[in-house]
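Everything on this sheet refers to the single structure shown next.
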Amino acid sequence: MSRQIKLIWDFRGEASAKTAEHHEIHLKEYIAIEKFPINITGFEIKNELHAIAFMVVTDDHMIPVRDALKPHRGELFD
């Protein structure tokens, strides 16, 4: 089984939570259009000025998604 990678977009400022929540909608749309086998997305509020949106992809999808959507960072997903 290939590794799962969590691609992360960081949002900062007073509107970060709403922006991350909205960005997740677009990530779900992208997954549906591309018909990815994994449908794991989400957003997390880190503090009042920092929130993230994320999607999980497999190794074989990581580079095309990275190049298309330009996440800020990534980490292994457990």
Side-chain angles (χ1 to χ4, degrees):
M1 182 173 168
S2 63
R3 294 183 306 172
Q4 294 181 341
I5 301 168
K6 181 179 181 180
L7 300 176
I8 302 167
W9 290 261
D10 292 289
F11 300 98
R12 299 187 187 277
E14 293 179 2
S16 62
K18 286 288 189 187
T19 305
E21 183 177 10
H22 181 78
H23 192 72
E24 182 192 13
I25 294 168
H26 294 296
L27 295 175
K28 288 180 178 184
E29 291 170 345
Y30 184 80
I31 288 170
I33 290 167
E34 297 296 326
K35 298 178 175 72
F36 285 140
I38 298 176
N39 187 14
I40 302 171
T41 63
F43 73 96
E44 298 173 9
I45 299 169
K46 298 298 187 179
N47 62 48
E48 61 188 33
L49 297 175
H50 181 213
I52 66 168
F54 66 88
M55 74 182 287
V56 176
V57 297
T58 57
D59 267 340
D60 52 331
H61 290 109
M62 193 278 295
I63 291 177
V65 173
R66 180 201 66 193
D67 292 348
L69 301 183
K70 312 260 190 279
H72 298 126
R73 56 196 171 100
E75 59 188 39
L76 291 177
F77 182 73
D78 299 319

Between side-chain atoms of residues 47-56 and protein atoms elsewhere (two or more places apart, or another chain), which donor-acceptor pairs fall under 3.5 Å?
unit_1, atom_1, unit_2, atom_2, d
Asn47, OD1, Leu49, N, 2.8
Asn47, OD1, His50, N, 3.1
His50, NE2, Asp10, OD1, 2.9

task: Indicate, with yes or no, if Leu69 and Ile8 share a hydrophobic cluster defined by side-chain heavy-atom contacts under 4.5 Å among Ile, Leu, Val, Met, Phe, Trp and Tyr.
output: no
Taken in chain and number order and not counting sequence neighbours, the residues that satisfy side chain to side chain contact (heavy atoms under 4.5 Å, CB included) with Asp59 are Ser2, Arg3, Ile5
Working for side-chain contact (heavy atoms from CB on, under 4.5 Å), residues Ile40 and Phe77:
CA-CA 10 Å; Ile40 302 171; Phe77 182 73; 3.9 Å; yes
Residue set satisfying ring pair (Phe, Tyr, Trp, His ring centres under 6.0 Å) with His23, at least two apart, ordered chain then number -> Trp9, Phe11
In this structure, CZ of Arg12 is separated from OG1 of Thr19 (nearest 0.5 Å) by 13.0 Å
The single option from Glu24, Glu29, Lys28 that satisfies side chain to side chain donor-acceptor pair (under 3.5 Å) with His26 is Glu29
**Prompt:** Any link between Val65 and Ile63 through a network of hydrophobic side chains (Ile, Leu, Val, Met, Phe, Trp, Tyr) touching at under 4.5 Å?
**Reply:** yes
Applying the 4.5 Å side-chain criterion to the ILVMFWY set and letting contacts propagate, would Tyr30 and Phe43 be lumped into a single cluster? no
Taking every heavy atom of Pro37 against every heavy atom of His61, the minimum-distance pair comes out as CD-CE1, 3.6 Å
- Task: Answer yes if Ile38 and Met62 sit in the same cluster of Ile, Leu, Val, Met, Phe, Trp and Tyr residues linked by side chain heavy atoms under 4.5 Å apart, and no otherwise.
- Result: no
>> If we ignore hydrogens and angles and just use 3.5 Å, is the side chain of Lys70 paired with the main-chain N or O of Asp67 as donor and acceptor?
In response: yes
